[in-house]
There are 4 protein chains.
Amino acid sequence: MTSETPRRRLAPEVRRRQVLDAAVAVFSEEGFHGASMDAVAARAGVSKPLVYARGGSKEELFAACLRREADRLLRSVQSAAGSGDDDPVARLRRGLRAFFHALTTRREGWTVLWRQASTGPFAGEVDALRRQIVGEAADLMAGGLGVPRAVALPYAHTLVGAAEGLADWWLTSEDQETVGGTEPADALADLLVAVVGPGLAAIGGRSLGSSTAVSPER
Amino acid sequence: MTSETPRRRLAPEVRRRQVLDAAVAVFSEEGFHGASMDAVAARAGVSKPLVYARGGSKEELFAACLRREADRLLRSVQSAAGSGDDDPVARLRRGLRAFFHALTTRREGWTVLWRQASTGPFAGEVDALRRQIVGEAADLMAGGLGVPRAVALPYAHTLVGAAEGLADWWLTSEDQETVGGTEPADALADLLVAVVGPGLAAIGGRSLGSSTAVSPER
Amino acid sequence: MTSETPRRRLAPEVRRRQVLDAAVAVFSEEGFHGASMDAVAARAGVSKPLVYARGGSKEELFAACLRREADRLLRSVQSAAGSGDDDPVARLRRGLRAFFHALTTRREGWTVLWRQASTGPFAGEVDALRRQIVGEAADLMAGGLGVPRAVALPYAHTLVGAAEGLADWWLTSEDQETVGGTEPADALADLLVAVVGPGLAAIGGRSLGSSTAVSPER
Amino acid sequence: MTSETPRRRLAPEVRRRQVLDAAVAVFSEEGFHGASMDAVAARAGVSKPLVYARGGSKEELFAACLRREADRLLRSVQSAAGSGDDDPVARLRRGLRAFFHALTTRREGWTVLWRQASTGPFAGEVDALRRQIVGEAADLMAGGLGVPRAVALPYAHTLVGAAEGLADWWLTSEDQETVGGTEPADALADLLVAVVGPGLAAIGGRSLGSSTAVSPER
DNA sequence: TATGAATGAGGGTTCATTCAT
DNA sequence: CATGAATGAACCCTCATTCAT
């Protein structure tokens, strides 16, 4: 006989994490409609009823994925940007670095959040989460540029899109060594700041991304 | 038999265009997996077998939508950028404007291309199309910046991503009046140039998006 | 190769009748919850999607069975009893004969109506249909006995139960020849009239099922 | 480990009674197929494995319910009818009263027995139980009418069916006050005797349910 | 030709039943 | 002993696809 994995009994929250991880992976690959609960169960290495027991219905499961990934991303960016009294520009840069770090290390969660479910039963919820995330960037930028939040909003969307495009290129390009010796996420963030920094500075009339932008702080 | 008015026999190309139009609409709203061939047939006002006769299988139909919309986008950007011998910066700007024009006027096609097909069985094809578009931008930028194409590539990805983010914001924001009196697509393109122009200029050491960038040419 | 039945194209109402017949058979044997749409499809000799196309969801299918069988039974009894001006007693007897005929020839429909779905999502509808049917008997009895309808109601229920018990015995007993040469349903009806006629007559103070009751009219 | 109050360990028979009681309640409400073992466990206030430990599989549990309720009904009717040497008519009347008493006071058991189990995998078992009860009635009637048992059988089926119909009406009718001041079960039994007594008497040629039938003994 | 009719296959969900603690 | 955790099997329903008219 084959050495089958025995039926392990695990704590509910452990199983739930397993199920959510698998669900994020599958949803990010196939989308909400394209993903099957069978695939989620197989990816998690559990039976389908267990997926339902720990994750609820397909819609509930997807919503849980959305919320978890959005929370993680928001928390990570917020904690990196800090709420301290230091320079808004520094805070923005730290936030960007954290954002890139999340993009490149948790690509699946980002895909679920951003590219999936823009239509369907979750359009509203997804849109709200997106607004929260971009709003965070807009807040930082409004502080850094000294402009009202409403003005900063399109720039924030532009920034997030640019980051996504850059991350996509980074993740799909084969020779990922070209960026340099530093932490990739940091290098990407610095590249982005180099691209958009001067323009934003000119818009805000302040020194965002000054000459120091291209030689990022350590 | 009764003498009912038979369905008008139309030329095959006309029928195919009807079917593709309906398919783009339905796919953009529901996604590949969420859309049903019944919905496509209903939207086109024809029977289901006709959809198969003119559009092929669901995958073929989706691929045809993808290619048609991508072709339109590419052609429009290329024809706007021109192959003339004039200023690469002006060509880039014209290309960007055409890009935004296509995004904002053919939203459904854009949605099908970018948001619905970026995952699932068409990720590869979408990626290829995307590389074509980005490659176009990279060529323009390589010319404008005076750098090798390989160096321009990440910047091109960043630029296209930024354009996507900005277009997404524009398409989903409710108060679309805030941008200004000019043609929206042009205003968006100019905004983007204002953001990334100075940074790219500094990188390339040339005058791409100089001070005139923020006061766009007419 | 085996001589498989070819895929026949039939008119929708013909298929619907097939599906309803199969559904009545399966529901009467297994009950609403116990019946599976697979079993209905198999019994009808069609595929499952066709059951849905012609019969709707399981609940709709069951409700359609209910209504069809109730209509048939009601119509049959009403048309037998007539609305003429003749003797109420004769009308009651004719109604009973029709009722027994329906019981013994369409047992499945009766089972669906009477024994199934007394609980569940159809309790209300089933109860209403039951009340209609018993109400018909109560009306006839009220006319025959010269008592108010409300008084006749328990007797009607008693009569219907007695008929069911008698029919059950008849249908499950092996030597069904013992009843006699007449039409079985008529013989059963006459037997029932012989049992309950005198008692009901005494209650109503009229001649329902007088001495002629045991020698039924031809 | 924490010192939680452990579930009280009860004697096996006590647990089994709990489980059977819950099962009868749930089965009577939902039917065999509609009831879930989860519902039984919840109603009994125990865990599901305990239901299996004390009640066996779902089919065994249902069969046990069936047998317990049938035994109670049979025993009650037999003990009421007695085996004494007194008047068969009086014995029949007492048996009927006990029958109605059981029906009206143990409605759930009756529902399980008759309405839920008359079809499905237990039709055979229910039929056997029904034959036992009807056979009891047939014996009494054979004695009372002075006819062979085989002749009395259809009348017994008719009688039991009538009793069921009357009991169903009584149990589902809302204005249960219309019957009178006496014990409902007795009133129902007397009503039934008034309906079928004279007819049976005429058939048997003896005094079963003579004029005294309509003014029942106390 | 254009279509209504038909189906094989698969997805979401639940349930009876059994381990491992 | 008593339980929460886990699963194989089945059920309802829909969809992409294809005939027969």
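Remember, predicted model here, so these are calculated numbers, not experimental data. Side chains included, hydrogens not; waters and symmetry mates left out as well; all remaining heavy atoms used. In what follows, every chain begins at residue 1, and chains take the letters A, B, ... in the order their sequences are listed.
Of the possible donor and acceptor atoms, none in the side chain of Arg15(B) sits under 3.5 Å from a partner among the backbone N and O of Leu50(B). Side chain of Lys58(C) to backbone of Ala35(C): a donor-acceptor contact under 3.5 angstrom is found.
With rounding to whole Å, Glu60(B) atom CD is found 12 Å from dT17(F) atom C1'. In this structure, NZ of Lys58(B) is placed 8 Å from C1' of dC15(F), rounded to the nearest angstrom. One interatomic measurement links the two molecules: CG of Leu50(A) to P of dG12(E), which rounds to 16 Å at whole-angstrom precision. As a whole-Å value, the separation of Tyr52(D) OH from dC19(E) P is 13 Å. Between Arg54(C) atom CZ and dA6(E) atom C1' there is a gap of 9 Å when expressed in whole angstrom units. Note: CZ (Phe62(A)) to C1' (dG12(E)) measures 16 Å, nearest angstrom. Here dG8(F) presents its P atom at 16 Å from CE of Met37(A), a figure rounded to the nearest Å. In this structure, the CZ atom of Arg16(A) is 18 Å from the C1' atom of dG4(F), given to the nearest Å.
The side chain of Pro49(B) approaches dC19(F) more closely than any other nucleotide in the set dG12(E), dA16(F), dC19(F).
Classification of Arg43(B) and Asp38(B) as a salt-bridged pair fails, no side-chain N sitting under 4.0 Å from a carboxylate O. Comment: Asp21(A) does not engage Arg16(A) in a salt bridge, judged by the lack of any side-chain N to carboxylate O separation of less than 4.0 angstrom.
An OP1 or OP2 oxygen of dT3(F) is reached within less than 4.0 angstrom by no side-chain nitrogen or oxygen of Arg9(A). Note on Arg15(A): a side-chain N or O is less than 4.0 Å away from OP1 or OP2 of dA6(F).
Projected onto DNA chain F by closest heavy-atom contact, His33(C) and Leu10(A) fall at different nucleotides, the more 5' of which corresponds to Leu10(A). Remark on DNA chain F: of its neighbouring residues Ser47(D) and Asp38(C), the 5'-side contact belongs to Ser47(D), judged by nearest-heavy-atom nucleotide.
Taking the side chain as every heavy atom from C-beta outward, Val46(B) and Arg54(B) never approach each other to under 4.5 Å.
Counting non-hydrogen atoms under 4.0 angstrom, Ala35(D) reaches the backbone sugars and phosphates but no base. Ala39(C) comes within contact range of no nucleotide atom at all, as no heavy-atom separation falls under 4.0 Å.
dA20(F) is paired with dT3(E) under the Watson-Crick or G-U wobble criterion, all donor-acceptor distances under 3.5 Å.
Judged by distance alone with a 3.5 Å cut-off, a donor-acceptor contact links the side chain of Lys48(A) to the base of dT13(E).
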